[in-house]
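First up is the structure itself, then whatever we jot down about it.
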2 protein chains.
Amino acid sequence: MTQERTGAGAAFAPHDHQRCQADALQVAEQRLAAKKARLTPVRRRTLELLLESHRAMGAYEVLERLAAEGYGSQPPVAYRALEFLVQHGLAHRLQRLNAFAACLHPECEHAPAFLICRVCSKLAEVPAGYLQDELGELSQDNGFTIERLTVEAVGLCAGCAKAGAA
Amino acid sequence: MTQERTGAGAAFAPHDHQRCQADALQVAEQRLAAKKARLTPVRRRTLELLLESHRAMGAYEVLERLAAEGYGSQPPVAYRALEFLVQHGLAHRLQRLNAFAACLHPECEHAPAFLICRVCSKLAEVPAGYLQDELGELSQDNGFTIERLTVEAVGLCAGCAKAGAA
DNA sequence: TAATCAATGTAATAAAATAACAAGTCAACC
DNA sequence: GGTTGACTTGTTATTTTATTACATTGATTA
Ligand SMILES: [Zn+2]
Ligand SMILES: [Zn+2]
Ligand SMILES: [Zn+2]
Ligand SMILES: [Zn+2]
């Protein structure tokens, strides 16, 4: 259980991604075992696919990969595995992209905000608990109770900015 | 140009919606005239439809209405009008709903956050400039530059909470 | 007027998501 | 071991959302 709690740029910056993946998988196994939820082969493989890179994958992209490996070839196969992962906090849905990404902080509590690079498509997950709190207060004043919050920022990562992408 | 700059709950609370609509339309006309952009009949009618209520409308819902009134009946008709309104800051796209809503603060600068009631589907648009700033700083530290920010909160409005909706 | 560009319209298709149902797997219980 | 019942996987079919490509109309301007 390595503690490489780095900043938002972690995903964009070069890092030991092997470990990144391995850690996430291990945490997933533990968390699911604790909840008595089953990390079946399709589900596990789906999580592995999402963990391959710090990018979001569309459901059909996931499906294609799964089908090629002998799993079912119809949309529900992918959608169900993805939904399972989301339900258990192991993946997130990116509303702006119609896509899914592995959660990079599965151990801590969840109020994620995403930084999405419009050039390289990589994304970083940054803690947004305080954002939720602040917006929550403001809403509370108006009688609105926040249950779930989506925060997605599209922009340019350091690497792509340097590479001179417009 | 009435100044009823009320809080986030404005949309949820009872108010003079006639004026709400009229003001928004007037602002739209002025802003577009200033930019030499044309508020053609379809576009104008689309904006009126969005302004009917403080709810988001799907593109096909808009299309159905437009078609019934003699406008084109194919998807691009609605999508183009909606995109035009979004481009000019007169409407917003709700990512979580695959839908569009009229902008309620078309006069001020834009970094909107939305509060969406999961029961009555009404939505409020609250200023989120400070959220953008805060997240922007955090991202900047990691070399990421935010260009566009989506903030959408799903929850329960005061009315629906009182009405005892689970 | 002719050329040009924006706006509208249609048909066709793509992309994303869900509904409905059949069959298989697995653990708990008898 | 066999049976029940919940969960999981699979398929077919359909729905919902969005875009591409192209023809036509309408305004603008040289
Ligand atoms: Zn990594
Ligand atoms: Zn990038
Ligand atoms: Zn109103
Ligand atoms: Zn409500």
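Chain A is the first sequence line, chain B the second, and so forth, proteins listed ahead of strands; every chain is numbered from 1.
Within residues 63-98 of chain B, the residues that have a heavy atom under 4.0 Å from DNA chain D are, in order of number, B:Pro75, B:Pro76, B:Tyr79, B:Arg93, B:Asn98.
A:Leu49 is not listed as a side-chain neighbour of A:Phe100, based on a closest heavy-atom distance of 4.5 Å or more. Contact of the B:Val154 side chain with the A:Leu149 side chain is not registered, since no non-hydrogen atoms from C-beta on lie closer than 4.5 Å. Using a 4.5 Å heavy-atom threshold, the side chains of B:Leu90 and B:Leu32 count as touching.
Aromatic rings of A:Phe114 and A:His92 (six-membered ring for Trp) have centroids within the 6.0 Å cut-off, being under it.
Contacts of A:His88 classified as side chain to side chain donor-acceptor pair (under 3.5 Å), with partners at least two apart in sequence or in another chain: none. A:Gln140 pairs by the side chain to side chain donor-acceptor pair (under 3.5 Å) definition with nothing, not counting sequence neighbours.
Taken together, the paired segments of DNA chain D that extend over three or more consecutive Watson-Crick or G-U pairs, each closer than 3.5 Å at both contacts, are C:1-30 with D:1-30.
Residue B:Leu32 contributes atom CG, which lies 16 Å from atom P of C:dA6 at whole-angstrom precision.
In terms of polar N and O atoms assigned as donor or acceptor, the side chain of A:Tyr60 never comes within less than 3.5 Å of the base of C:dA15 in a complementary pairing.
Electrostatic pairing of A:Arg93 and A:Glu83 does not count as a salt bridge here, judged by no charged N lying under 4.0 Å from a carboxylate O.
The nucleotide range of DNA chain D contacted by chain B, defined by atoms under 4.0 angstrom from heavy atoms of the protein and reported 5' to 3', is D:dT17 to D:dT20.
In this structure, CG on A:Leu123 lies 7.0 Å from CG on A:Leu97, to the nearest 0.5 angstrom.
The side chain to side chain donor-acceptor pair (under 3.5 Å) pairs that include a residue from residues 61-70 of chain A are A:Arg45-A:Glu69, A:Glu52-A:Arg65, where partners are two or more places apart or lie in different chains.
In this model, no donor atom of one side chain and acceptor atom of the other lie less than 3.5 Å apart for A:Ser121 and A:Arg55.
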